[in-house]
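This report refers to the structure that appears directly beneath it.
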There are 2 protein chains.
Amino acid sequence: MITLKHLKIIQALHENSTLTRSASVLYLSQSALSHQIRYLEEKLGIALWEREGRNLRLTKAGELLLQTAQQLLPILEQTEKTLKAYAQGCQGILRIGVECYPCYEWLTKAIGVFLKKMPNVEVEIINKFQFSGHEGLLNYHIDILITPDIEKTAGIHIETLAQYNLVLLVANKHSLVHKTIITPKDLTHETLLTFPVPLERLDILTQFLNPAHIKPKYIKKIESIELMLQMTALRRGVCILPEWLANEFIKKMPVKKIHISTNGLSQKLFAILRKQDKEINYIQRFVKISKEIVNITQKSPCLKTSVFKQ
Amino acid sequence: MITLKHLKIIQALHENSTLTRSASVLYLSQSALSHQIRYLEEKLGIALWEREGRNLRLTKAGELLLQTAQQLLPILEQTEKTLKAYAQGCQGILRIGVECYPCYEWLTKAIGVFLKKMPNVEVEIINKFQFSGHEGLLNYHIDILITPDIEKTAGIHIETLAQYNLVLLVANKHSLVHKTIITPKDLTHETLLTFPVPLERLDILTQFLNPAHIKPKYIKKIESIELMLQMTALRRGVCILPEWLANEFIKKMPVKKIHISTNGLSQKLFAILRKQDKEINYIQRFVKISKEIVNITQKSPCLKTSVFKQ
DNA sequence: CTTAATGATGAATTATATTCATATATGATA
DNA sequence: TATCATATATGAATATAATTCATCATTAAG
């Protein structure tokens, strides 16, 4: 009765608004779509769209069908991809979602090692999500999510990859540079450079500044870590990075790291997967490699630097 | 590429083993199926079944496709049913799963009230699950689960319907009948009549007997509550029931209730739903009615009996 | 070795989806 | 409000895909 074709149509129609545009996206004629949706509504005996002039608006029934489409299609797509991979002698596809900007540093290495050890598994990295990474995981857009934020939802399995301190980075000539420890107050007049994530996901705010009821002068979102460091060096702001990553940068740029509060501000990094995938060989392997690489990345420069500094 | 038809075929084939049988289940000719699966394997470029003589066994790829089918088809089926219901002017279908034998007593009443108040919603009761009720909920086989057992899994919402005491029922002439409170030791030589659920789900064992390292002489599983009471009255065993239900039976059968331990053995009853369904009007309504009915059912006979007994 | 039953296959048929050509409707603009 | 560019609807023709029919090949059981 309802076919996947219909689900694809209803989704495309939702994304592209007009029949003509959707048709071209689906490589079909406008006429074909028109026939299909008429057929579908006729068979179901219920309107899926309200036609207001040349605009289509989903009815309640249409919404239900769209929701179903958005739930089913990614699952099927994943299966098809994996089958195609199987057909080419691959063991599978691993789609990694990343919700953690500094992670790319070690993730690239980890994937490198993984690809060598598992030449039959393909890897795909996804960092834009329709909603959240968690959603992406549950909806089969990705198979594994690297994130510092966990939501305890059913059906997922959580692996802790690492724990590290966050430190503040300031320019060598910055007024704060001689502090050994930063207090919330110190940041009152600073511009804080952050990655473009929702503010409630910034530990420096939720764990450090908010409890002290202090706001930085301005929060500026920057995509690229290099640019962020550049701006820090040029005294256009200060930024917060994992200590192991900060250690890399203080070697090559005119910036200094300062510890945050007496206890430090620590953060954990997790790899999250669907429970049913926990036993899949190449997924276990990837988690294991990630743990190793994260720990090497975070410890070795640390050591070097501390030797260097003493 | 892969269509729903294929998923249905792979599922039917898994359930019915042979092509011929599956074909008749799907109202197709054996030839049609044979063509379809050949086409599918050809297009995917990978074997989905290994043919051992006339037996089909799924390959790893086939397993993946079957798993996908089992995940997708119930969701779609649910959507189709709901759409059909919409088409007939219904607001929707509520499929209730029940994992609690004594619940039928009040559930029937609750559904009665619900159907009167919401004439446009259809109701379906399901009490056999492929795996667990929780699975059924997450896989869209049911929309609401009535159970005393909660597993905290992601994406589900839990409502507490009631809390009540469990009591022991024995025949009027039973040797334990004059006890006011039962101890674990008292049950050493008794046959315990229970509903057919896994032993780890029986609170009388997990909460009462196991901690005292005591086992009843024999545990006999019985489907029907009437038969269970019948056997209790005939001194073929003793049984554990919610107190409110026990109160109903002691009025009409030669059985007595005895409280369990000094604190009593209390149990909670939950209604569990998918988080995304929480706001649906008729689901909220059903939960509300259930709470009311459970409380009336469990309180009113209690009152009557205590008046009667004094 | 037979036999009854299952699965496979090519050709014919039927059902379904798509396009083409064209008509109708809509919204913007003069 | 007339015009135009653009969008959707529709019937008939066509192309594609699914199903059946008739038949053969294979298999497990007696």
Side-chain angles (χ1 to χ4, degrees), chain A residues 1-59 61-62 65-66 69 72-73 76 80 83-84, chain B residues 1-59 61-63 65-66 69 72-73 76 80 83:
Chain A
M1 177 62 251
I2 297 174
T3 70
L4 287 174
K5 212 172 276 176
H6 296 133
L7 297 184
K8 283 178 188 164
I9 289 174
I10 211 169
Q11 198 183 41
L13 222 36
H14 177 245
E15 282 167 7
N16 305 292
S17 306
T18 80
L19 267 188
T20 314
R21 201 134 21 109
S22 307
S24 86
V25 169
L26 296 169
Y27 302 106
L28 283 174
S29 69
Q30 169 270 321
S31 173
L33 279 209
S34 185
H35 281 295
Q36 282 293 325
I37 66 178
R38 195 162 68 102
Y39 164 89
L40 186 59
E41 287 187 317
E42 207 164 273
K43 278 282 173 173
L44 291 173
I46 189 168
L48 298 173
W49 295 271
E50 273 162 11
R51 275 143 250 238
E52 301 168 327
R54 72 175 49 168
N55 288 352
L56 289 177
R57 220 195 45 234
L58 285 168
T59 61
L65 207 54
L66 173 64
L72 299 196
L73 293 177
L76 193 78
E80 279 188 319
L83 284 174
K84 208 165 284 172
Chain B
M1 176 63 247
I2 298 174
T3 69
L4 288 173
K5 212 172 277 174
H6 296 133
L7 296 183
K8 283 178 190 164
I9 289 174
I10 212 170
Q11 197 182 42
L13 221 37
H14 177 245
E15 282 167 6
N16 305 291
S17 306
T18 81
L19 267 189
T20 315
R21 201 135 21 106
S22 305
S24 86
V25 168
L26 296 169
Y27 302 106
L28 283 174
S29 69
Q30 170 269 320
S31 175
L33 279 208
S34 185
H35 282 296
Q36 282 294 323
I37 66 177
R38 196 162 66 102
Y39 164 89
L40 186 59
E41 288 187 316
E42 207 164 274
K43 278 280 171 174
L44 291 173
I46 189 168
L48 298 173
W49 295 271
E50 273 162 13
R51 277 141 250 240
E52 301 170 325
R54 75 175 47 167
N55 287 353
L56 289 178
R57 220 195 48 232
L58 286 168
T59 62
E63 287 281 0
L65 207 54
L66 173 65
L72 300 195
L73 294 176
L76 193 79
E80 279 188 319
L83 285 174

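Lettering of chains follows the sequences in order, A, B, ..., and the numbering in each one begins at 1.
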Heavy-atom side-chain contact between A/Leu56 and A/Arg51 under 4.5 Å:
yes
Within-4.5 Å side-chain heavy-atom neighbours: A/Glu80 and A/Leu83 | no
Whole-Å distance, A/Lys5 NZ to C/dA17 P, equals 6 Å
inquiry  = When you measure from the side chain of B/Glu41 to the backbone of B/Leu48, do you find a donor-acceptor pair of N or O atoms at a distance under 3.5 Å?
reply    = yes
With a 4.0 Å cut-off (strictly under) to non-hydrogen atoms of chain B, the first and last hit nts on DNA chain D, 5' to 3', are D/dA18 to D/dA28
Next item on the list: Would you check if A/Leu26 and A/Ile9 make a side-chain contact, meaning some heavy-atom pair closer than 4.5 Å?
Entry: yes
Would you mind reporting whether A/Leu73 and A/Leu4 have side-chain heavy atoms less than 4.5 Å apart? yes
Notebook entry, point to check: Stepwise, does the side chain to side chain contact (heavy atoms under 4.5 Å, CB included) test hold for B/Ile10 with B/Leu40?
Noted result: CA-CA 10 Å; B/Ile10 212 170; B/Leu40 186 59; 5.6 Å; no
From CG of B/Asn55 across to C1' of C/dA5 the rounded distance in Å is 13 Å
| task | Mind checking A/Leu28 for me? I need base, sugar-phosphate or nothing, with any heavy atom below 4.0 Å counting as a touch. | result | sugar-phosphate
In B/S/- notation (B base, S sugar-phosphate only, - none; protein heavy atoms under 4.0 Å), nucleotides 7-12 of chain C written 5' to 3' is BBBBB-
Are A/Leu7 and B/Leu76 close enough that some pair of their side-chain heavy atoms sits under 4.5 Å apart?
yes
**Item:** Flag side-chain contact, heavy atom, 4.5 Å: B/Leu58 against B/Leu65
**Value:** no
